[in-house]
Number of protein chains: 4
Amino acid sequence: MSDGDEGAGRTRTDPPKRKDARRNKEALLDAAAAVFVRSGVDAPVRDIAAEAGVGLGTIYRHFPTRADLIIAVYRHQVDACADAGPALLASSATPYAALREWINLFVDFLVTKHGLAAVLQSDNAGFDTLHAYFLDRLVPVCTRLLEAAAAAGEIGSDIAGYELMRGVGNLCIGADNDLRYDARRLVELLVGGLRRPH
Amino acid sequence: MSDGDEGAGRTRTDPPKRKDARRNKEALLDAAAAVFVRSGVDAPVRDIAAEAGVGLGTIYRHFPTRADLIIAVYRHQVDACADAGPALLASSATPYAALREWINLFVDFLVTKHGLAAVLQSDNAGFDTLHAYFLDRLVPVCTRLLEAAAAAGEIGSDIAGYELMRGVGNLCIGADNDLRYDARRLVELLVGGLRRPH
Amino acid sequence: MSDGDEGAGRTRTDPPKRKDARRNKEALLDAAAAVFVRSGVDAPVRDIAAEAGVGLGTIYRHFPTRADLIIAVYRHQVDACADAGPALLASSATPYAALREWINLFVDFLVTKHGLAAVLQSDNAGFDTLHAYFLDRLVPVCTRLLEAAAAAGEIGSDIAGYELMRGVGNLCIGADNDLRYDARRLVELLVGGLRRPH
Amino acid sequence: MSDGDEGAGRTRTDPPKRKDARRNKEALLDAAAAVFVRSGVDAPVRDIAAEAGVGLGTIYRHFPTRADLIIAVYRHQVDACADAGPALLASSATPYAALREWINLFVDFLVTKHGLAAVLQSDNAGFDTLHAYFLDRLVPVCTRLLEAAAAAGEIGSDIAGYELMRGVGNLCIGADNDLRYDARRLVELLVGGLRRPH
DNA sequence: TATGAATGAGCGTTCATTCAT
DNA sequence: AATGAATGAACGCTCATTCAT
């Protein structure tokens, strides 16, 4: 459920040698995460290789494109965010409350990733995979929450999940590095703006 | 009011040759504007020089940093936007209505400038001047409108002009090139979220 | 007659496991042949390994250099070509006719091997083995045919087998991919040029 | 007539500054020629820059593609070769004799250029300009000579100028570095093969 | 013996910036 | 004042080859 490359039965069938590669891959993920924090997700491939203490080719082997690496680094958190949607819907007082909380989770995720929000809106080909993954995982969840809130009459129905996600994502751009700018507050306003004027 | 490099008394002290330089500078502005539309504000310096039919050095002479050039290109429009604030406050039904309309002006400005919104949040040193100019001109106007609306009890008072500007700017990032994303709608939601729940 | 690495008495001394290795080697040859057709003889080693379903190291074990692999792949055909020389000499009306036909066989061979002709003339060290094998097998045959034709007075005697082979090989470079270039026709002219002006 | 960038009246109209660039460009041509001799025309761009003592960008400025550089280096000689065609036709005893001599010139040119012959047949995109230049300049000349010889009944008419040039070019591949291979002799045979059997 | 993960030299290319003319 | 030639750091990427498992 969390690594993607290997199926559930991995432990039994994988060749023993895989252990090394796995260690290396994880070292790579750690290193990439560290570099992403330090220099943003656009950091030179070489920096990540150096941080991980591996060769350049090793990165390309494991993650043919930069997007693949970013996805791998943040996969767990994105998945967790996606999983949280239905859970919140079940546990919250109202669908709108669930939506708010869920958006908060998403913001928490983005704000702590230096530059990730910015790359999410880049029309740069080569990030298509990254776009696709984020959209595939999160937009349906957001859409579901919006529909529920609309059905409950709490909000209007004129905004799509995709558009809201993009808006929230954009609001998180540059949220670190600027103490005068609190993305969370802005997002709250945005979500507040959804509420139906009763 | 429009050139910035020269003080008010310019006409008296300038050497006669200045006319050429001025012509050059204006050609540069036109060219830069054209290139910005075509390729965004990150276009290679060379392209702008080529479009203007001047040398590379000439650009650096007039506009030491890219930000200086961007400012110069959009100065009139930014100034117009700034000037519109008080006017709208005077002519609109309520301060909040003025705020909404003014924000719309700002969005109109940003959305039509390929990539300008993105550069506004870049923490890239070298855009400091650009930041500063935008903030100096527009934040006070925005603050003024916010205060008026807050004084009228139409909105809460927990948001600063700077923060709102940044949020709106962010929402405009990537607004072209994506038909499924309408920055204006998102901004409306954001501004709507300001309204005090009475 | 076909494996080359092992001497005539091989069957007696080999360890029992050898059968696996042999199967592997043959799979490798088939795979290489397929890849050579598809991408030329300069295809990345990886592609061949992938096609064969074996590891990279296996290829290097069996064929330390690319030339070794190329030789192995085309050995049968080269041998057949070499064997055809004496046969044609015996069956043709005149030695010169035999020479012409034999050269045609060689051209047929080269033209169908994407890029082989080009590599034959490369002075790239590491193709020495390839050169050597081709020369060892074919040059004597060509020389023999030339001598017979010279002895019959059909051609002059001022060209060496090596030189003619090289010339023919060169004429075949790039013969695919260009409809306006027919290597066979050029080779016919070249061979025609040998004929003694009576 | 020889430099291409500048028209005939260059000396009068060029800005004075051009002198430096011209010196540099010529140094570049010299350096490239030297490196081409040493390492072939596929030599790394960096090597040429180092040899010339200039920066990498300078090469790209003057010669955006490698083909442009090769053309520039050999332009004079190619032009001279093209110009020699009509002259030989006028001065030789017969058209066929002119053709033979002209082909010899072309061979002389190619054989002394390490690797140039090889690149001429490469279907590598990016050498299109080079191909085009060679074909544009030389094929018509060759065609003209062939036609004259055919009209004089000295040769058949079943070969196109393009095909002959390609054949001759191919025969010249790898002609240096191999004392046992004399491209000139092979080409003579090829051209000899054209002669009509009367 | 077989594997394929790892390496890293090497390449082409771009572009902001400097500075001689 | 204006030019634009020159620079070279930096980057993404490929692939032959080695070697631990």
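A quick note: this is a predicted structure, and the numbers were derived from the prediction, not measured. Here is how names work: the chains are called A, B, and so on, in the same order as the sequence lines, proteins then strands, and each is numbered from 1.
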| Along nucleotides 10-15 of chain E, 5' to 3', which nucleotides get a B, which get an S, and which get a -, given that the test is a protein heavy-atom distance under 4.0 Å? | BSBBB-
| How many angstroms lie between CG in B:L120 and CD1 in B:I70, if you round to the nearest 0.5 Å? | 8.0 Å
| Think D:H62 has a side-chain N or O under 4.0 angstrom from the OP1 or OP2 of F:dA6? | yes
| query | Hey, what do you get for CG (D:L69) to CD1 (D:I59), rounding to the nearest 0.5 Å? | reply | 6.5 Å
| query | What's the CD1-C1' distance between B:I59 and F:dA1, to the nearest Å? | reply | 15 Å
| task | Kindly give the heavy-atom pair with the smallest separation between D:A52 and D:A27, and that separation in Å. | result | CB-O, 4.3 Å
| said: Nearest 0.5 angstrom please: C:T65 OG1 to C:L130 CG, how far? | reply: 8.0 Å
| said: Return the CZ to CD distance between B:F36 and B:E51, rounded to the nearest 0.5 Å. | reply: 11.5 Å
| request: Give a yes/no answer on whether the side chain of D:N24 brings an N or O atom under 4.0 Å of OP1 or OP2 in F:dA6. | output: yes
| task | Quickly work out the C:K25 NZ to E:dA2 P distance and round it to whole Å. | result | 11 Å
| note | side chain to side chain contact (heavy atoms under 4.5 Å, CB included) with B:F63: of B:I48, B:I71, B:L29, only one passes, and it is B:L29
| task | Would you verify whether the NZ or CZ of C:R75 falls within 45 degrees of the ring axis of C:Y133 while also being under 6.0 Å from that six-membered ring's centre? | result | yes
| query | OP1 or OP2 of E:dA5 less than 4.0 angstrom from a side-chain nitrogen or oxygen of A:T58, does that happen here? | reply | no
| query | Starting at CG of A:L69 and ending at P of F:dC13, how long is that distance when rounded to a whole Å? | reply | 12 Å
| field | Whole-Å gap separating C1' (F:dA5) and CG (D:L28) | value | 12 Å
| remark: On DNA chain F, more 5' by nearest nucleotide between D:G55 and B:G53 is B:G53
| query | Where each pair must be Watson-Crick or G-U wobble with both distances under 3.5 Å, what dot-bracket representation of DNA chain F is obtained, with crossing pairs in [ ] and other-strand partners as |? | reply | .||||||||||||||||||||
| message | To the nearest 0.5 Å, what is the distance between CG on B:N24 and OG1 on B:T58? | response | 6.0 Å
| note | Between CZ of C:R61 and C1' of E:dG4 the distance, given in whole Å, is 14 Å
| Looking at B:R66 and B:V41, what are the two nearest heavy atoms and their distance? | NH1-O, 3.0 Å
